[in-house]
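Have a look at the structure below, then the notes.
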Amino acid sequence: MNGNHLFVIIIIVGFSFTYSTVINLNSNKQSKHSSRTWDQAIAMAKAFVAQLTLEEKCNMTAGIRGPCAGHIFPVSHLNFKGLCFQDSPSGVGGGVLYSTAFVPGIHIAASWDQDLFYKRGAAIGKEFQGKGVNVILGPMINIDRNARHGRNWEGFGADPYLSGENSFYYIQGIQDQGVIATAKHYICNEQETNRFFGLPGFPNRSDAINAKGYSVNIDDKTIHEIYLWPFASSVAAGVGSVMCSYNQINGTQACQNDKILNGLLKEELQFLGNIMSDWFAIKTGVKSVLAGLDVEMPGGDGFLGFSLVQAVKNRVISETRINDMITRILAPYYLLKQDEGYPSLDLDRDVMRDNYKINRQISSAGIILLKNKNNVLPFNVNKNKYFFIYGAAAGQSNEGSSLNFFIAALKPPTGALYQGGGSGYVVPTYAIDPLSSFLIKGRDSHLQIQYITNQSDYNAINDSFSFRGFANATCLVFISAWSTEGTDRTDLHAFNNGDKLVQTVAAHCANTVVIINSVSQLNIEAWIDLPNVVGVIWSGMPGSEYGPVIVDVLFGDYNPGGKLVFTLAKNDSDYGTDISKTDSSNYNEGVFLDYRHFDKYNIVPRYYFGYGLSYTTFSFSHLHISKCEKEKYTVSSQHQQHRMRPYTNIVASRMYMPIYEITFTVTNTGKVYGSEVSQLYLGFPATAQQPPKVLRGFERVYLAPGKSKQVSLVLTQKDISYWNVINQKWTVAPGIYTVWISTSANKDDVKLQSFFKI
Ligand SMILES: *[C@@H]1O[C@H](CO)[C@@H](O)[C@H](O)[C@H]1NC(C)=O
Ligand SMILES: *[C@@H]1O[C@H](CO)[C@@H](O)[C@H](O)[C@H]1NC(C)=O
Ligand SMILES: *[C@@H]1O[C@H](CO)[C@@H](O)[C@H](O)[C@H]1NC(C)=O
Ligand SMILES: *[C@@H]1O[C@H](CO)[C@@H](O)[C@H](O)[C@H]1NC(C)=O
Ligand SMILES: *[C@@H]1O[C@H](CO)[C@@H](O)[C@H](O)[C@H]1NC(C)=O
Ligand SMILES: *[C@@H]1O[C@H](CO)[C@@H](O)[C@H](O)[C@H]1NC(C)=O
Ligand SMILES: *[C@@H]1O[C@H](CO)[C@@H](O)[C@H](O)[C@H]1NC(C)=O
């Protein structure tokens, strides 16, 4: 903490906020795709609906077969070609040809860089648009509540604010290309176990439809402050679709749950788009329609669609509600101008352009340096000449990359991991493993390289320790952990006895560096404190540019600056939350999740949420807090304009008006170019019943040595509010708010501290 430069501004304000900021939409340079407003789009959708027969309308509410994961019924006499819905959140999935396997959600989140959140979304959106896909089945924004959840790799980590920022900028990136985004899975879909109760993760169709999901039982404060938070950010961004999930909430299936669909999403958040069912998540027709479901996917099971004709004739469902469903289905289509020259559908069209470049950049940005004893990293090609490389995760998988998407996606691959498995998996057009890139580096820099990628072959591994030159070698151990949709991980340890591999190598090699290629949390206690484990890099789920990216980091051509998006515990039981094996999952921990839980119980983790090292160092100074004046809204209007689009949900985005501006200066005090993520944690007055601190802002700045930059973060009305369960509103608690600027959730990493009073 730099006391000399600490400015404390105490402001007493009443809290009557008004939203008079004038926003000039035309000044937004980032938006390349012109779009309409929701009002315009809804008017056009209503005009379309007026020309449909009841049968046509009803038929449009259920999906039909086609090449995509789902399709909306076409209406040829109105020149409406239908809509194609396709996986996945991190690239065009479903086993199509010519698709860039982008870094998944968990990896982009680790970049903590809003600009890159947007650019990744835009690059992914361009590929969907180029192939003529109308609706992308992403982002996946469920919270990493359970470390073993098989789909954590698709999402944005354990913190709702971080997940909300990711959701917001991803959706803008997608929708700026004219593609409709889908926020999923709504809501509290934080495990795979029992998603079809008592059945495996992918049962046959009839079993899936007849099965109920486990029930998440959750209170109002927790759902608002943690799980609904990123969905609220998505609605504010203007997301066109939301997908309801397999599980129940409080004993009612998500896709027929009036309280969460009509109540929270459509009324409270003012969501104007459509709600589709996850594939086979619908269990009943009329009840779902009345609860707020608009589209049955993939369709063909007779719940919605043609069968609603009879329900309308019997007056069980009003035709007004049917009109509302079709209006909601078509509004996003008009909103993003898909009615004007949208590309024809061709899933195998090559529209990858040079997207590998942005994929490489975002992959590098998500790499996290966890340990660097005596600055062993980055390697110097003049000093580190001799490398021994161990581990299957260093090389290509034995199976190659199968084009059979479900085989490739559901079976743990033996080699380097680029993504996890399930519907979120993108069959890569190519993927470069670390070993291949390392060998090229070795050729160019005259490095001596030995490698063993069969990590069961302890004869060969033992033999290597007596090779000529081993005593002076640097050892790299590549370990991995994989997971997939449909099942949860059985434990949090590295795959294929990875702990034993590290222990064995470290017992002989004084310079052991471990590279962790993991879907989400990993238990590394078996070896992290071994004195010979001098370096640890978290390579996460790095997408198809993994090889070049890890070599850049190891040799200092890229200075790592990613940060953990979850806490790494010393003991699995320290997380305090886990997969439920019964028919209910009780979210009894409330808002005390991840670092909020570790803070509450004073548990010291192995590595804190938000943690990550760099090859350079930074200093912090000049903390200043000021109230955003309504009249002089320079900061707030810049902030708002950056986030505004014609398709933004204006009503929902009012909660995101800046109220406070927090500025400070970051300086690169080291010798090399690098980045630091400044993290703003907020402490609330006691009446808000908040955890000791919560993340409420961050910015990653990239600086040359000796250079400084002033960072400006804003706190919005929502950021300083808590969910008041008595009056069912976001409420500001009067009292003292503490602002910590830190480089992780560890209180020892706090660099600046101040407070304001409301
Ligand atoms: C609606 O769907 C039903 C059942 O699939 C079909 O028989 C009917 O022709 C469809 N109606 C229209 C207008 O396409
Ligand atoms: C689905 O699997 C169940 C067994 O789990 C079987 O009884 C049923 O006949 C199968 N249904 C179909 C349509 O294959
Ligand atoms: C779930 O149940 C709790 C406890 O009864 C209740 O307070 C809450 O409002 C319910 N939430 C939903 C979405 O049903
Ligand atoms: C890896 O080594 C083990 C133990 O020597 C051996 O059984 C196995 O066949 C090897 N695997 C491959 C793919 O060579
Ligand atoms: C490898 O070396 C370790 C330690 O020296 C020994 O315990 C183990 O049996 C050896 N394994 C093989 C397959 O030789
Ligand atoms: C290996 O290391 C030893 C001691 O650290 C040193 O004396 C020796 O010169 C090194 N050999 C090579 C080939 O670098
Ligand atoms: C982890 O925690 C559990 C439950 O608190 C305890 O029984 C176990 O001994 C702990 N394990 C280690 C390695 O500390």
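None of these values were measured; they are calculated from a predicted model. In listed order, ligands and their atoms are each counted from 1. Scope of the values below: all heavy atoms of this structure, side chains included, with no hydrogens, waters or symmetry mates.
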**The single option from Glu192, Glu190, Gln191, His185 passing side-chain hydrogen bond (donor to acceptor under 3.5 Å, both in side chains) against Arg151** =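 Filter result, single survivor: His185.
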**Message:** Between ligand 4 and Asn454, is the shortest N or O to N or O distance under 3.5 Å?
**Reply:**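 Between Asn454 and ligand 4 (N or O atoms, distance only) the closest approach is under 3.5 Å.
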**Request:** Could you point out which residue of Tyr451, Phe388, Tyr546, Phe387 forms a ring-ring contact (aromatic ring centres under 6.0 Å, His included) with Phe438?
**Result:**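 So, applying the ring-ring contact (aromatic ring centres under 6.0 Å, His included) to Phe438 and each of Tyr451, Phe388, Tyr546, Phe387, only Phe387 qualifies.
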Just by distance, with hydrogens left out, do [X] and [Y] show a side-chain donor and acceptor under 3.5 Å apart?
| X | Y | result |
| --- | --- | --- |
| His149 | Asp144 | no |
| Asn586 | Asn217 | yes |
| Ser163 | Asn166 | no |
| Asn274 | Ser241 | yes |

**Request:** Check each heavy atom of Ile260 against ligand 3 and say whether those closer than 4.0 Å belong to the side chain, the backbone, both or neither.
**Result:**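 The answer is the side chain of Ile260.
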**Request:** Compare Thr252, Asn250, Asp220 and give the one whose heavy atom is closest to atom 2 (O) of ligand 3.
**Result:**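 Considering heavy atoms of Thr252, Asn250, Asp220, the nearest to atom 2 (O) of ligand 3 sits in Asn250.
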**Request:** Identify which one of Ile141, Asn257, Leu228 satisfies the side-chain contact (heavy atoms from CB on, under 4.5 Å) criterion when paired with Tyr186.
**Result:**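 For Tyr186, the side-chain contact (heavy atoms from CB on, under 4.5 Å) test succeeds with only one of Ile141, Asn257, Leu228, which is Leu228.
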**Request:** Ignoring hydrogens, tell whether any protein atom lies closer than 4.0 Å to atom 5 (O) of ligand 2; use the non-hydrogen atoms only.
**Result:**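 Given the 4.0 Å limit, the answer for atom 5 (O) of ligand 2 is yes, a protein heavy atom qualifies.
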**Prompt:** Heavy-atom distance from atom 9 (O) of ligand 4 to the protein below 4.0 Å?
**Reply:**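 Protein heavy atom within 4.0 Å of atom 9 (O) of ligand 4: absent.
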**Prompt:** Going by the atom numbers of ligand 2, which of them fall below 4.0 Å from some non-hydrogen atom of Ser206?
**Reply:**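 Taking each heavy atom of Ser206 in turn, ligand 2 has 11 (N), 13 (C) under 4.0 Å.
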**Prompt:** Any idea which atoms of ligand 4 are less than 4.0 Å away from a heavy-atom of Ser456?
**Reply:**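 Counting atoms of ligand 4 from 1, those under 4.0 Å from Ser456 are 4 (C).
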Can you report which non-hydrogen protein atom sits closest to [atom], along with the distance?
| atom | value |
| --- | --- |
| atom 14 (O) of ligand 2 | Asn204 ND2, 3.5 Å |
| atom 3 (C) of ligand 2 | Asp207 OD2, 3.3 Å |
| atom 13 (C) of ligand 4 | Asn398 ND2, 4.3 Å |

